[in-house]
Amino acid sequence: MNPAERIAELTEKLNYYNQRYYVDSVSEISDQNFDLMLKELENLETQYPDLKLLESPTHRVGGTVTKNFASVEHRYPMLSLANTYNEQELIDFDERVRKGLNGEAYEYICELKFDGISLSMTYENGIFVRGVTRGDGVRGDDITNNVKTIKTIPLKVNPKSQIANLLSFEIRGEGFLPYSSFEKMNADAEAAGEESYANARNAASGSFKLQDSAEVARRGLDAYVYQFLSDEEIFSTHEESLIALKNLGFNVSPTWQKCSDIQDVMAYIKLWDEKRFSLPLATDGIVIKLNSIAQRAELGYTAKSPRWAIAYKYKAESKPAILKAVTYQVGRTGAITPVAELDNEKRNNKGIHLSGTTVKRASLHNANEIERLGLRIGDTVFVEKGGEIIPKVTAVDLSKRDMFNTQEIVYPTNCPECGAELTRKEGEANHYCPNEKGCPPQIRGKIEHFIHRKAMNIDSLGEGKIELLYDKGLVRDVTDLYDLTYEKLFGLEKITEDEVTGKIRKIGFKEKTVQNILEGIEKSKQVPFKQVLFGIGIRYVGATVAEKLASFFKNIDNIKNADYETLRTAPEIGDKIAQSIVEYFQNDDNQIFIEKLRLAGLQFAAQDEIKEIESDQLTGKTFLYTGTFENFEREALEQKIEANGGKVVSGVSGKLDFLIVGEKPGSSKIEKAKKLNVTMISEEEFMAMLN
Ligand code: IVH
């Protein structure tokens with residue numbers, strides 16, 4: 001491959017990974033390999049400057065700006081840090097600092113490198129006014145309302161403090177989802193049949209970009225702050241700023257430390273190598289910063305990063321383990337996941353100790369992955385745990401392979417749970433068990449979905465209890481829940497093992513538990529129709545779609561009797577959903593299922609919501625808005641429109657009557673409205689329409 005081809009290849013690949021990472025929150029490649037590729041590209045571009053492409057990822061600092069939220073320019077660009085992976089590179093950095101400072105004495109502050117989402121918080125006259133994502137470093141998304149949900153971010157700083165009277169200042173930090181919140185959220189998502197996140201970082205990223213800030217608040221995000229910026233120089237050292245921020249109530253992680261030389265820095269790195277696993281979030285390295293603000297100014301910046309700071313990345317911890325067996329899990333949808341059962345090299349069933357936890361299992365994803373790794377049972381493999389909660393098998397140690405004591409892995413042709421023949425669609429990586437109605441984990445999964453908070457909200461039941469009810473033959477589908485009695489439940493018992501940690505748990509139904517379960521089931525009979533509709537688990541009918549259907553069709557019979565065309569007239573019901581609903585009701589079993597639930601007393605009709613009505617000034621008119629408004633939050637504006645007889649629609653089309661344009665409107669909506677000749681009005685003009 002000639003240099004031009006290689007440059008083109010690297011550019012394309014890096015842009016792709018960047019896009020996946022920043023826009024989709026999916027990392028398909030390790031940070032280390034990404035940085036290696038980027039370095040190679042940088043070197044080639046320096047060698048052959050004429051070959052550098054316009055779209056080269058080296059032109060920019062990071063990702064791309066995602067739509068939906070207003071895009072705002074950072075007052076101070078959000079730079080990234082150069083990465084190092086070994087002591088020598090750190091010593092080189094220290095050398096550069098020493099030379100740059102011409103023999104002056106200097107100190108470092110070491111901090112942990114938190115693996116979350118970088119945030120910039122702007123304060124004006126001491127009041128929090130804006131929270132923005134990093135975006136591409138120059139412009140980011142205005143996610144003020146979501147950032148406001150973080151309880152550790154003060155909305156107003158102490159008026160007596162020296163920074164309170166500044167016209168404006170910025171605080172930078174890392175937003176994250178603590179492990180505890182992450183686990184809860186994933187358990188919720190799985191039960192709701194929604195995709196769960198691979199790691200807490202992706203979950204945090206997804207949460208910060210949610211449109212509904214109430215949902216964001218429920219997620220329980222947090223942030224550590226580590227930088228203060230203003231036009232005036234307030235602090236002469238970084239240390240001073242950290243102490244001041246801490247005193248002002250900002251969440252400064254207490255893990256930082258002042259280091260007088262690079263040897264001190266090395267000691268800090270060692271100290272936190274293991275200890276960092278006891279923190280509430282993932283850390284992937286440390287950040288070394290020059291303490292003196294004046295000296296920072298002396299060293300300045302390269303195009304991409306400061307010369308006065310550097311990151312040191314810990315290597316993902318990798319340990320050898322023995323692959324004892326491969327087992328196969330069946331999910332709610334029937335997807336099969338192969339799982340590596342692991343042990344240490346002494347084979348004493350204690351698993352291996354990795355990044356602060358005991359590991360006995362690792363996901364192998366699908367048959368392709370097993371093939372790619374070339375695994376055999378009995379192999380010594382390397383296991384790694386990066387940001388992911390679930391560890392992964394990264395490679396086989398072929399030097400330890402003994403052909404006589406290892407066996408080929410034969411992928412099952414039948415479901416390990418129910419025996420049905422597995423299917424695999426052309427082009428798909430996963431095998432599926434098609435026995436939707438008879439395969440135990442699929443049935444249990446459906447029950448878990450049914451009791452979910454957004455469905456029947458029976459929180460006195462959970463995965464373990466459902467398994468017990470299923471195993472004892474008491475519940476075969478959700479209709480059986482409504483036949484449970486005290487006598488049937490009292491005294492049931494079961495021992496279970498946690499899938500990841502292998503921890504043993506005992507579940508037993510004592511008096512109080514039984515009462516709670518029965519009460520929860522009884523209460524579910526009052527749960528509104530939209531939640532029941534979500535709970536019965538029609539394919540593609542998630543919580544939001546169920547809500548739309550319920551409010552449009554009012555009851556189950558109207559939905560059942562609606563044909564494809566009628567379904568399509570409902571707001572936001574597309575082809576796939578309409579098709580799926582029609583198919584669902586064509587099946588007699590499903591009709592019987594619904595009749596049973598109706599007999600049990602569940603709500604199959606919407607109670608009319610009582611909506612405040614102010615006037616009919618806007619009757620017959622459709623509205624859409626973009627940007628932010630002085631007098632209204634988004635929801636209040638929608639309410640105002642509806643209370644006066646208007647209708648809020650979801651996108652710009654030729655049928656739209658008015659686009660209300662606020663501060664920092666979205667450019668795509670404006671452009672489309674111009675093209676389609678939609679009338680655009682200001683907030684004031686909208687208010688005038690009401691009088
Ligand atoms: S300081 C000019 N301190 O790492 C650099 N960054 O690669 C200012 N990060 O985008 C950043 N922990 O999101 C700094 N203790 C820490 C950090 C930290 C994590 C992230 C941050 C930044 C990225 C830089």
Side-chain angles (χ1 to χ4, degrees), residues 180 183-184 186-193 196 324-337 339 341-343 349-351 357-361 363 389-390 415-420 433 435-453 455-524 535 537 600:
S180 52
E183 275 156 23
K184 196 173 140 278
N186 253 1
D188 257 23
E190 256 159 48
S196 56
K324 282 195 303 186
V326 176
T327 54
Y328 300 86
Q329 276 176 7
V330 187
R332 170 168 88 102
T333 59
I336 309 289
T337 309
V339 177
E341 304 285 339
L342 303 167
D343 202 358
N349 276 329
K350 287 194 175 149
T357 50
T358 302
V359 172
K360 289 185 166 181
R361 289 187 183 130
S363 168
I389 292 272
I390 303 183
C415 176
E417 300 276 348
C418 73
C433 166
N435 184 13
E436 224 188 304
K437 296 221 156 75
C439 180
Q442 294 190 59
I443 297 172
R444 290 196 305 261
K446 289 195 181 71
I447 304 171
E448 280 159 25
H449 169 79
F450 186 75
I451 64 158
H452 186 260
R453 178 170 52 77
M456 307 311 287
N457 192 20
I458 310 178
D459 60 2
S460 49
L461 282 175
E463 215 175 295
K465 293 188 182 121
I466 286 170
E467 197 176 317
L468 175 55
L469 293 174
Y470 180 84
D471 288 354
K472 301 288 175 189
L474 285 171
V475 177
R476 284 289 126 128
D477 74 44
V478 301
T479 60
D480 296 333
L481 289 174
Y482 296 92
D483 294 330
L484 292 175
T485 59
Y486 189 92
E487 289 68 35
K488 286 186 190 168
L489 293 177
F490 184 78
L492 295 181
E493 228 175 50
K494 181 182 171 74
I495 308 238
T496 60
E497 192 183 336
D498 186 284
E499 273 172 28
V500 181
T501 61
K503 260 191 205 146
I504 303 290
R505 262 192 324 156
K506 190 171 148 186
I507 297 177
F509 287 0
K510 303 215 179 70
E511 194 178 331
K512 189 78 200 144
T513 318
V514 175
Q515 271 168 8
N516 284 342
I517 294 174
L518 293 173
E519 256 167 46
I521 293 172
E522 191 56 35
K523 268 214 308 234
S524 75

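These values consider heavy atoms only, across backbone and side chains, with no hydrogens, waters or symmetry-generated copies.
- The two residues C415 and C439 make their nearest non-hydrogen contact at SG-SG, 3.8 Å.
- Taking the side chain to side chain contact (heavy atoms under 4.5 Å, CB included) definition, one finds that E493 meets it with K506, sequence neighbours left out.
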**OP:** Report the C-alpha distance between E341 and R361 in whole Å, list the side-chain angles of each, state the deciding distance to 0.1 Å, and finish with yes or no for salt bridge (Lys or Arg N to Asp or Glu O under 4.0 Å).
**Re:** CA-CA 5 Å; E341 304 285 339; R361 289 187 183 130; 2.9 Å; yes
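- For the side chain to side chain contact (heavy atoms under 4.5 Å, CB included) test, residues two or more places apart in sequence or in another chain that qualify with E522 are K525.
- Looking at Q442 and C433, their side chains come closer than 4.5 Å, going by heavy atoms from C-beta outward.
- Pairing each heavy atom of S363 with each of T337, the nearest pair is OG-CG2, 3.8 Å.
- Applying the side-chain hydrogen bond (donor to acceptor under 3.5 Å, both in side chains) criterion to D471, with sequence neighbours excluded, gives K494.
- To the nearest 0.5 Å, atom CG of residue D459 and atom NE2 of residue H452 are 11.0 Å apart.
- By the side chain to side chain contact (heavy atoms under 4.5 Å, CB included) test, K184 is found to be paired with no residue, residues two or more places apart in sequence or in another chain being considered.
- Nearest approach of L481 to I521, heavy atoms of both residues: O-CD1, 3.7 Å.
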Original post:
Can K324 and N349 be said to form a side-chain hydrogen bond (donor to acceptor under 3.5 Å, both in side chains), step by step?
Top reply: CA-CA 10 Å; K324 282 195 303 186; N349 276 329; 3.1 Å; yes
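- Nearest heavy atoms, K510 versus F490: C-CE1, 3.9 Å.
- For K488, the side chain to side chain contact (heavy atoms under 4.5 Å, CB included) test picks out L474, D483, T485, with sequence neighbours left out.
- The distance from atom CG of D343 to atom NZ of K350, rounded to the nearest 0.5 Å, is 10.0 Å.
- Put simply, the side chain of P416 does not reach to within 4.5 Å of the side chain of T327, judged on heavy atoms.
- Atom CG of L489 is separated from atom CG of L468 by 9.0 Å, given to the nearest 0.5 angstrom.
- A distance of 12.0 Å separates CE of M456 from CG of L461, quoted to the nearest 0.5 Å.
- Listed by chain and number, the residues in a side-chain hydrogen bond (donor to acceptor under 3.5 Å, both in side chains) with T479 are D477 (sequence neighbours excluded).
- Separating the OH atom in Y486 from the CD atom in E511 is a distance of 4.0 Å, to the nearest 0.5 Å.
- In terms of the side-chain hydrogen bond (donor to acceptor under 3.5 Å, both in side chains) criterion, residue partners of Y482 (sequence neighbours excluded) are, by chain and number, S524.
- When all heavy atoms of P441 and E417 are compared, the pair lying nearest together is CG-CG, 3.6 Å.
- With sequence neighbours excluded, the residues satisfying side-chain hydrogen bond (donor to acceptor under 3.5 Å, both in side chains) with R453 are D188.
- Side-chain contact between L342 and V359: present, with at least one pair of heavy atoms (C-beta onward) separated by less than 4.5 Å.
- Crowding of K512 atom NZ: a count of heavy atoms from other residues, nucleotides or ligands under 6.0 Å not exceeding 12.
- Separating the CD1 atom in I447 from the CG atom in L469 is a distance of 8.0 Å, to the nearest 0.5 Å.
- Summarising the local packing, CD of E436 is surrounded by 12 or fewer heavy atoms from other residues, nucleotides or ligands at distances under 6.0 Å.
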